[in-house]
2 protein chains.
Amino acid sequence: MAKLELEASERDAGGSGPQMPASRHYRKARHDRGAETRHRLLLAALDAFGRYGFEAASTRDIAKRADANLAAIVYHFGSKEALHRAVTEYVIEQITRHMHTEQAEARDYLNGSPDKAGARIMLRKLIRWKVQSMLREEEAELWSRFILREQMDPSSTFDAVYEHLCSDQDPLNGLIGILFDLAPQSDEAIVRSATIMGQIFIFHIGRPMILRRLGRNALGDEELDLIARVVEENIDRIVGFALPLETAA
Amino acid sequence: MAKLELEASERDAGGSGPQMPASRHYRKARHDRGAETRHRLLLAALDAFGRYGFEAASTRDIAKRADANLAAIVYHFGSKEALHRAVTEYVIEQITRHMHTEQAEARDYLNGSPDKAGARIMLRKLIRWKVQSMLREEEAELWSRFILREQMDPSSTFDAVYEHLCSDQDPLNGLIGILFDLAPQSDEAIVRSATIMGQIFIFHIGRPMILRRLGRNALGDEELDLIARVVEENIDRIVGFALPLETAA
DNA sequence: CGATATATCAATCGATCGATTGATTTTGTC
DNA sequence: GACAAAATCAATCGATCGATTGATATATCG
């Protein structure tokens with residue numbers, strides 16, 4: 001379950017760290033308590049930062065929810081700020097890992113000699129995969145909330161998130177560009193991509209409201225299938241005009 | 001500019017208020033300082049609560065940004081919590097006011113004998129109006145951020161926002177229902193409405209990221225026109241299948 | 001002008017925040 | 001078992017939080 005390592009990605013957290021988990025050339029424990037505590041703190045912080053924001057999320061609450069001592073945060077990460085950076089890195093790493101295969105495939109296709117028919121199929125595949133992974137993966141709601149929270153106070157780690165997850169890592173713009181005869185970085189391609197991502201993000205950011213309208217307490221398989229079908233249908237229709245209708249499944 | 005009154009909508013803010021602006025049967029001042037201070041505090045709080053969240057937004061910061069004294073918050077509103085409630089009421093009031101005419105028109109249409117052709121035109125009108133008002137109105141980004149922030153910590157004033165802005169006030173579900181042969185409160189109608197709203201909300205919640213991709217510092221008329229065109233086109237195509245293509249402008 | 005309600009202000013309260021400390025427990029090597 | 005590094009813990013620090021206080025300033029009446 002806990003694949004994360006993170007190890008020493010933040011040495012001196014702003015100039016404070018007196019003692020840190022050296023992780024030098026020392027043997028690993030048979031049962032690494034430290035790594036487990038670190039991971040529990042990371043997940044608790046991911047939820048707390050995303051839900052309450054950086055300042056409102058108290059280290060005491062994070063430590064308590066991680067079943068760890070308050071001082072463990074400074075011990076394992078260096079400071080509250082460093083913990084926030086570690087969470088950012090974790091989110092980027094997780095999303096990148098989940099996206100890697102499909103995005104690489106789409107990028108490879110774009111680097112070849114793409115045409116509209118192929119781009120439409122590739123877009124459908126990418127969207128289907130984004131919807132599934134972003135809605136099925138349980139942690140994904142935490143990732144979305146954390147990232148969108150950063151947007152509201154665009155100072156902290158906004159740049160890192162942007163560079164790793166948005167700029168040119170995402171082949172969505174390229175596919176849209178081909179289908180609509182637009183330059184990949186043209187304003188319209190960017191706006192069109194945003195409207196597509198918005199249809200997915202709304203089910204993260206607005207989940208409480210949607211759950212209430214649906215009269216549910218959680219999104220079950222039935223609702224997730226419905227959401228996936230509607231989003232995929234919508235995008236199929238949006239890009240459908242670019243090509244004569246076909247039977248691509 | 002300041003139409004707001006709010007007057008005595010929160011009497012005793014949780015049982016604290018020793019002195020409050022009585023606003024009894026006393027004549028209004030020629031130059032009402034209190035109302036101005038109250039409104040400046042309200043706008044500053046709207047921005048701060050939406051941006052940093054309830055707890056992270058400090059009353060000292062709000063007072064400073066409103067060019068008012070710290071104690072003015074308790075004096076005019078009763079407490080930080082009451083200020084938050086007042087902001088919620090203000091947002092509901094503003095959105096309701098901006099939406100009133102168009103939503104009433106759509107509701108009237110739904111209460112008549114609606115057909116698909118009329119519903120499509122009505123939907124197009126409603127969407128166009130939502131896009132324009134939500135993107136053109138300068139305060140709208142603050143409203144969206146505030147509401148979406150509530151979603152992340154669905155405790156506080158979530159119910160009030162939901163009841164006034166979502167439940168059955170919004171005729172979007174009804175129009176979608178007619179166009180897709182769905183019951184207005186069916187799961188699919190709700191999900192379809194959400195994907196439509198997501199295409200608009202993304203430009204509020206993700207504005208910093210989109211601005212960066214566009215290489216802009218702000219959304220000018222040019223970009224707003226583009227966004228409006230793309231969103232309206234998308235929705236036209238999404239619902240277009242429900243009807244044979246026509247030339248309705 | 002007083003008289004009075006309205007409004008603003010600096011100073012201060014207890015509570016909680018992030019961070020630090022020194023002691024203690026756990027773990028692995030010799 | 002002796003020893004040290006890794007890890008956890010309770011207690012505590014100064015800073016800042018929301019809220020309160022009493023004094024002062026402003027505005028509208030008789």
Side-chain angles (χ1 to χ4, degrees), chain A residues 7-8 12-41 44-45 48-49 52-64 66-86, chain B residues 7-8 12-41 44-45 48-49 52-64 66-86:
Chain A
E7 39 180 5
D12 51 336
S16 62
Q19 86 247 56
M20 290 280 290
S23 117
R24 287 292 199 82
H25 44 72
Y26 253 83
R27 59 272 148 191
K28 17 186 71 175
R30 197 166 20 184
H31 182 238
D32 197 341
R33 290 187 304 154
E36 289 181 0
T37 302
R38 214 154 36 230
H39 192 245
R40 287 200 315 275
L41 284 171
F49 286 146
Y52 311 119
F54 176 75
E55 298 186 69
S58 79
T59 52
R60 282 175 173 83
D61 176 63
I62 292 172
K64 176 177 272 186
D67 197 27
N69 189 271
L70 168 63
I73 291 178
V74 174
Y75 177 76
H76 286 290
F77 295 95
S79 70
K80 184 187 185 184
E81 233 186 283
L83 173 61
H84 187 264
R85 280 195 297 270
Chain B
E7 40 182 4
D12 50 337
S16 63
Q19 89 247 59
M20 291 277 289
S23 118
R24 286 292 198 83
H25 43 72
Y26 252 83
R27 58 272 146 192
K28 16 186 76 176
R30 196 166 22 184
H31 181 236
D32 198 340
R33 288 188 304 154
E36 289 181 1
T37 302
R38 212 152 40 229
H39 192 246
R40 287 201 314 273
L41 284 171
F49 285 145
Y52 312 118
F54 176 73
E55 298 187 69
S58 79
T59 51
R60 283 176 172 81
D61 176 62
I62 292 172
K64 176 177 274 186
D67 197 29
N69 189 270
L70 168 63
I73 290 178
V74 175
Y75 177 76
H76 286 290
F77 295 94
S79 70
K80 184 187 185 184
E81 233 186 283
L83 173 60
H84 187 263
R85 280 195 298 272

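Within every chain, numbering begins at 1; the chains are lettered A, B, ... in the order of the sequence lines, protein sequences first and strands thereafter.
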Between [atom2] on [N] and [atom1] on [X], what's the gap in Å once rounded to a whole number?
X       : N      : atom1 : atom2 : value
B:Lys80 : C:dA15 : NZ    : C1'   : 14 Å
A:Ile73 : D:dC9  : CD1   : C1'   : 14 Å
A:Phe77 : C:dG18 : CZ    : C1'   : 16 Å
B:Phe49 : D:dC17 : CZ    : P     : 13 Å
B:His39 : C:dA7  : NE2   : P     : 16 Å
B:Glu36 : D:dT26 : CD    : P     : 16 Å
B:Phe54 : C:dT16 : CZ    : P     : 15 Å
B:Tyr75 : D:dG22 : OH    : C1'   : 15 Å

Pairwise side-chain contact, A:Thr37 with A:Tyr75, heavy-atom cut-off 4.5 Å (strictly under): no

A:Phe77 vs A:Arg85 side-chain heavy atoms within contact, under 4.5 Å: no

Positions of residues 55-63 of chain B (non-hydrogen atom under 4.0 Å from DNA chain D), listed by number: B:Ala57, B:Ser58, B:Thr59, B:Arg60

With a cut-off of 3.5 Å and sequence neighbours excluded, list every side-chain donor-acceptor pair involving residues 54-62 of chain B.
| unit_1 | atom_1 | unit_2 | atom_2 | d |
| --- | --- | --- | --- | --- |
| B:Ser58 | OG | B:Asp61 | N | 3.0 |
| B:Asp61 | OD2 | B:Arg65 | NE | 3.2 |
| B:Asp61 | OD2 | B:Arg65 | NH2 | 3.4 |

B:Thr37 side chain near C:dT8 phosphate (N/O to OP1/OP2, under 4.0 Å): yes

Can you check whether B:His76 has a side-chain N or O nearer than 4.0 Å to OP1 or OP2 of C:dT6? no

For the student: nearest non-hydrogen atoms of [X] and [Y], plus distance:
X       : Y       : answer
A:Leu41 : A:Ala63 : CD2-CA, 4.1 Å
B:Ser79 : B:Ile73 : O-CG2, 4.2 Å
A:Arg40 : A:Ala68 : NH2-CB, 4.5 Å

Mind listing the N/O atom pairs, protein and nucleotides 9-11 of chain C, below 3.5 Å?
| unit_1 | atom_1 | unit_2 | atom_2 | d |
| --- | --- | --- | --- | --- |
| C:dC9 | OP2 | B:Asn69 | N | 3.3 |
| C:dA10 | OP2 | B:Asn69 | ND2 | 3.4 |

